[in-house]
*Asks:* 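Quick one: the structure is below, questions incoming.
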Amino acid sequence: MSKLTKHWLPLAVALGTLVSAPAAMAGKTLDGVKSRGQLVCGVHTGLAGFSAADSTGKWSGLDVDMCKAVAAAVLGDAEKVKYVPLTAQQRFTALQSGEIDLLSRNTTFTLTRDASLGLNQTVVTYYDGQGFIVPKKSNIKSAKQFKNQTVCVQSGTTTEKNLTDYSKANNLNIKTVVFEKEEAATAAYFSGRCISYTTDASGLASIRNKVAQNPADHVILPELISKEPLGPLVRRGDDEWFAIVKWTIYGLIEAEEYGITQASVDQLKGSSQDPVVKRILGTGEDMGKLVGLDKDWMARAIKAVGNYGEIFERNVGPKSTLGLPRGINNQWNKGGLMYAPPMR
């Protein structure tokens with residue numbers, strides 16, 4: 001054995017040990033969900049189209065459907081979800097502390113949140129941007145007309161910081177009126193305390209539809225002042241759970257691309273010869289075992305809530321009460337940003 005070999009052998013052994021070492025905390029969240037027979041999902045306190053409960057306590061919305069899809073994939077039943085309504089200030093602490101398994105609450109992905117909260121951002125489920133709502137009678141056509149005006153905003157959000165940045169960058173001296181709760185901020189705007197209320201454009205459409213006495217009296221300005229990629233988060237340190245949530249959402253996006261709908265799952269399982277469709281539905285290569293689930297995990301998720309396009313249309317699309325255009329949330333091959341890595 002040469003001196004060089006003697007020198008490098010211990011390092012090679014050490015590196016081999018590191019490569020083969022299992023993840024220390026893998027699987028704890030999945031085990032917890034299975035043992036209690038329920039997924040605990042953090043959602044908005046009430047944002048129509050994304051997460052809101054009706055008079056009977058039944059939850060619905062795009063964010064809620066992500067919780068249902070994961071529950072169907074993991075537990076075999078989309079209804080085995082406990083919804084925990086959280087304010088903007090409560091949401092991260094609830095996930096960090098283990099009070100919830102998954103945070104699916106119109107939350108923007110940012111570097112600070114990804115790097116400093118002990119959380120993992122999963123998949124963007126809605127590409128949004130910050131906008132402004134104003135009274136129609138104000139004749140305001142642009143946020144650049146807000147010089148020395150008051151704007152209502154909720155604290156603990158990227159919205160508050162974006163507004164400050166926008167005001168400074170455009171020398172507008174906007175006077176922000178900050179509220180801890182969204183309901184207080186919107187009430188202040190609709191009572192005339194502020195010339196505008198600002199949040200994600202999708203949220204503005206929801207609030208106008210839900211809170212305004214006459215929605216037609218309020219206009220959402222066309223300009224957006226930020227990028228707000230929204231999606232679910234999980235705790236760091238559990239790679240298996242991270243993969244399950246991430247690939248369940250990717251599966252919903254890819255299902256739309258390959259024409260798999262809520263109604264066609266069973267028929268395609270028996271007839272499709274497309275290798276991609278077979279992988280998604282568990283009749284070809286077993287993708288489920290790679291994330292610690294069975295081969296039918298994605299078929300259950302799609303059958304429970306539909307593909308991404310169906311989820312969008314039902315909750316926030318042009319035919320829903322919000323009436324939002326598909327826009328950049330369309331599939332990548334239709335001019336949008338929805339692009340799932342291949343399930344293979």
Side-chain angles (χ1 to χ4, degrees), residues 24-26 28-30 32-33 36 38-47 49-53 59 61-71 81-130 152-165 176 178-186 198-200 202-203 206-207 226-246 248-249:
M25 295 178 66
K28 284 189 176 181
T29 307
L30 177 61
V33 170
R36 84 171 79 93
Q38 188 180 55
L39 172 71
V40 183
C41 205
V43 293
H44 198 285
T45 54
L47 186 65
F50 289 86
S51 52
W59 287 85
L62 188 148
D63 289 338
V64 167
D65 279 346
M66 298 305 155
C67 302
K68 289 181 176 181
V70 173
V81 184
K82 177 185 177 182
Y83 297 101
V84 179
L86 300 165
T87 65
Q89 292 77 16
Q90 296 168 332
R91 55 184 163 175
F92 299 127
T93 304
L95 184 57
Q96 292 162 340
S97 67
E99 179 186 347
I100 58 176
D101 305 307
L102 172 65
L103 177 63
S104 187
R105 187 203 177 281
N106 64 307
T107 299
T108 303
F109 291 175
T110 70
L111 188 154
T112 300
R113 290 173 175 177
D114 188 46
S116 67
L117 296 179
L119 306 176
N120 269 329
Q121 298 166 170
T122 59
V123 179
V124 176
T125 54
Y126 191 92
Y127 288 95
D128 210 344
Q130 184 172 331
C152 289
V153 65
Q154 187 185 9
S155 63
T157 61
T158 55
T159 311
E160 182 183 6
K161 296 177 181 177
N162 291 338
L163 180 60
T164 300
D165 288 349
T176 57
V178 181
F179 298 86
E180 182 180 346
K181 293 186 176 181
E182 181 183 277
E183 294 80 3
T186 56
T198 182
T199 190
D200 299 341
S202 61
S206 174
I207 290 161
S226 71
K227 294 178 290 184
E228 306 293 331
L230 313 176
L233 291 88
V234 297
R235 281 183 296 282
R236 281 193 188 276
D238 191 334
D239 291 344
E240 184 178 20
W241 184 244
F242 180 39
I244 287 170
V245 174
K246 182 170 60 175
T248 298
I249 299 170

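In this chain, numbering begins with 1 at the start of the sequence shown.
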*Asks:* If we ignore hydrogens and angles and just use 3.5 Å, is the side chain of Gln121 paired with the main-chain N or O of Gly231 as donor and acceptor?
*Replies:* no
*Asks:* Taking the side chain from Arg235 and the backbone from Leu95, do they hold a donor-acceptor pair closer than 3.5 Å?
*Replies:*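 At least one qualifying donor-acceptor pair exists.
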*Asks:* If I compare all heavy atoms of Leu86 with all of Gly42, which pair ends up nearest, and what's the gap?
*Replies:*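 Scanning both residues completely, I find the closest heavy atoms to be CD1-CA, 3.8 Å.
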*Asks:* Roughly how far apart are Leu47 CG and Asp63 CG, rounded to 0.5 Å?
*Replies:* 8.0 Å
*Asks:* Do Val245 and Asn120 make a side-chain contact, defined as non-hydrogen atoms from C-beta onward lying under 4.5 Å apart?
*Replies:*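 The answer is no, as the side chains (C-beta and beyond) never meet within the 4.5 Å cut-off.
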*Asks:* Side chain of Gln96, backbone of Leu117: donor and acceptor closer than 3.5 Å?
*Replies:* yes
*Asks:* Looking only at heavy atoms, which two atoms of Thr45 and Pro85 are closest? And how far apart?
*Replies:* CA-CB, 3.9 Å
*Asks:* Would you say the side chain of Lys246 lies within less than 4.5 Å of the side chain of Val234, judging by non-hydrogen atoms?
*Replies:* no
*Asks:* Decide, yes or no, whether a salt bridge links Arg236 with Asp114 under the criterion of side-chain N to carboxylate O below 4.0 Å.
*Replies:*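 Yes, this pair counts.
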*Asks:* Are His44 and Glu182 close enough that some pair of their side-chain heavy atoms sits under 4.5 Å apart?
*Replies:*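 His44 vs Glu182: side chains touch.
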*Asks:* List the atom of Leu233, the atom of Phe109, and the distance in Å for their closest heavy-atom pair.
*Replies:* CD1-CE2, 4.0 Å
*Asks:* To the nearest 0.5 Å, what is the distance between OG1 (Thr108) and CG (Asn162)?
*Replies:*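 Rounded to the nearest 0.5 Å, the OG1-CG separation comes to 8.0 Å.
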*Asks:* Which heavy atom of Pro229 sits nearest to which heavy atom of Val124, and what is that distance?
*Replies:* CB-CG2, 3.7 Å
*Asks:* Should Phe50 and Val43 count as side-chain neighbours, where that means a heavy-atom distance under 4.5 Å?
*Replies:*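 No, their side chains stay 4.5 Å or more apart.
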*Asks:* Go through the structure and list residues passing ring-ring contact (aromatic ring centres under 6.0 Å, His included) with Tyr127, not counting sequence neighbours.
*Replies:* none
*Asks:* Is there side-chain contact between Thr122 and Met66, with heavy atoms separated by less than 4.5 Å?
*Replies:* no
*Asks:* Between the side chain of Thr248 and the main-chain N/O of Val70, is any donor-acceptor distance below 3.5 Å?
*Replies:*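 No.
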*Asks:* Can you tell me how far apart CG (Asn106) and CG (Asp128) are? Round to the nearest 0.5 Å.
*Replies:*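 Answer rounded to 0.5 Å: 8.5 Å.
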*Asks:* Taking only residues two or more places apart in sequence or in another chain, which ones pass side-chain contact (heavy atoms from CB on, under 4.5 Å) with Ala88?
*Replies:*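 Listed in chain order: Arg91, Arg105, Gln154, Thr157.
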*Asks:* Can you check side-chain contact (heavy atoms from CB on, under 4.5 Å) on Lys68 and Trp59, steps first, answer last?
*Replies:* CA-CA 10 Å; Lys68 289 181 176 181; Trp59 287 85; 5.9 Å; no
*Asks:* Given 3.5 Å as the limit, does a donor-acceptor pair link the side chain of Trp241 with the main chain of Leu102, or not?
*Replies:* no
*Asks:* Is the shortest side-chain heavy-atom distance between Lys161 and Thr158 below 4.5 Å?
*Replies:*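 SC-SC contact between Lys161 and Thr158 ruled out.
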*Asks:* So which atom in Val178 and which in Ser155 form the shortest heavy-atom distance, rounded to 0.1 Å?
*Replies:* CG1-CB, 3.4 Å
*Asks:* Is a side-chain donor or acceptor of Gln130 paired with a backbone partner of Glu228 at a separation under 3.5 angstrom?
*Replies:*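 No; judged by distance alone, with no hydrogens or angles, the pair does not exist.
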*Asks:* Give me the atom names and distance for the closest heavy-atom approach of Ile100 to Cys41.
*Replies:* CG2-C, 4.4 Å
*Asks:* How many angstroms lie between CD1 in Ile207 and CD in Glu183, if you round to the nearest 0.5 Å?
*Replies:* 9.0 Å
*Asks:* Please report the interatomic distance CD1(Ile244) to CG(Asp239), rounded to the nearest 0.5 Å.
*Replies:* 11.0 Å
*Asks:* Between Thr186 and Phe179, is any pair of side-chain heavy atoms under 4.5 Å apart?
*Replies:* no
*Asks:* Do side-chain atoms of Ser206 reach the backbone of Ser202 as a donor and acceptor pair under 3.5 angstrom?
*Replies:*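 Side chain of Ser206 to backbone of Ser202, a donor-acceptor pair under 3.5 Å: no, none is there.
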*Asks:* Taking the side chain as every heavy atom from C-beta outward, state whether Val84 and Glu99 have any atom pair closer than 4.5 Å.
*Replies:*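 Heavy-atom side-chain distance check passes, below 4.5 Å.
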*Asks:* Between CD1 of Ile249 and OG of Ser104, what distance do you get to the nearest 0.5 Å?
*Replies:* 7.0 Å
*Asks:* State whether the side chain of Asp238 and the backbone N or O of Thr29 hold a donor-acceptor pair below 3.5 Å, judged by distance alone.
*Replies:* yes
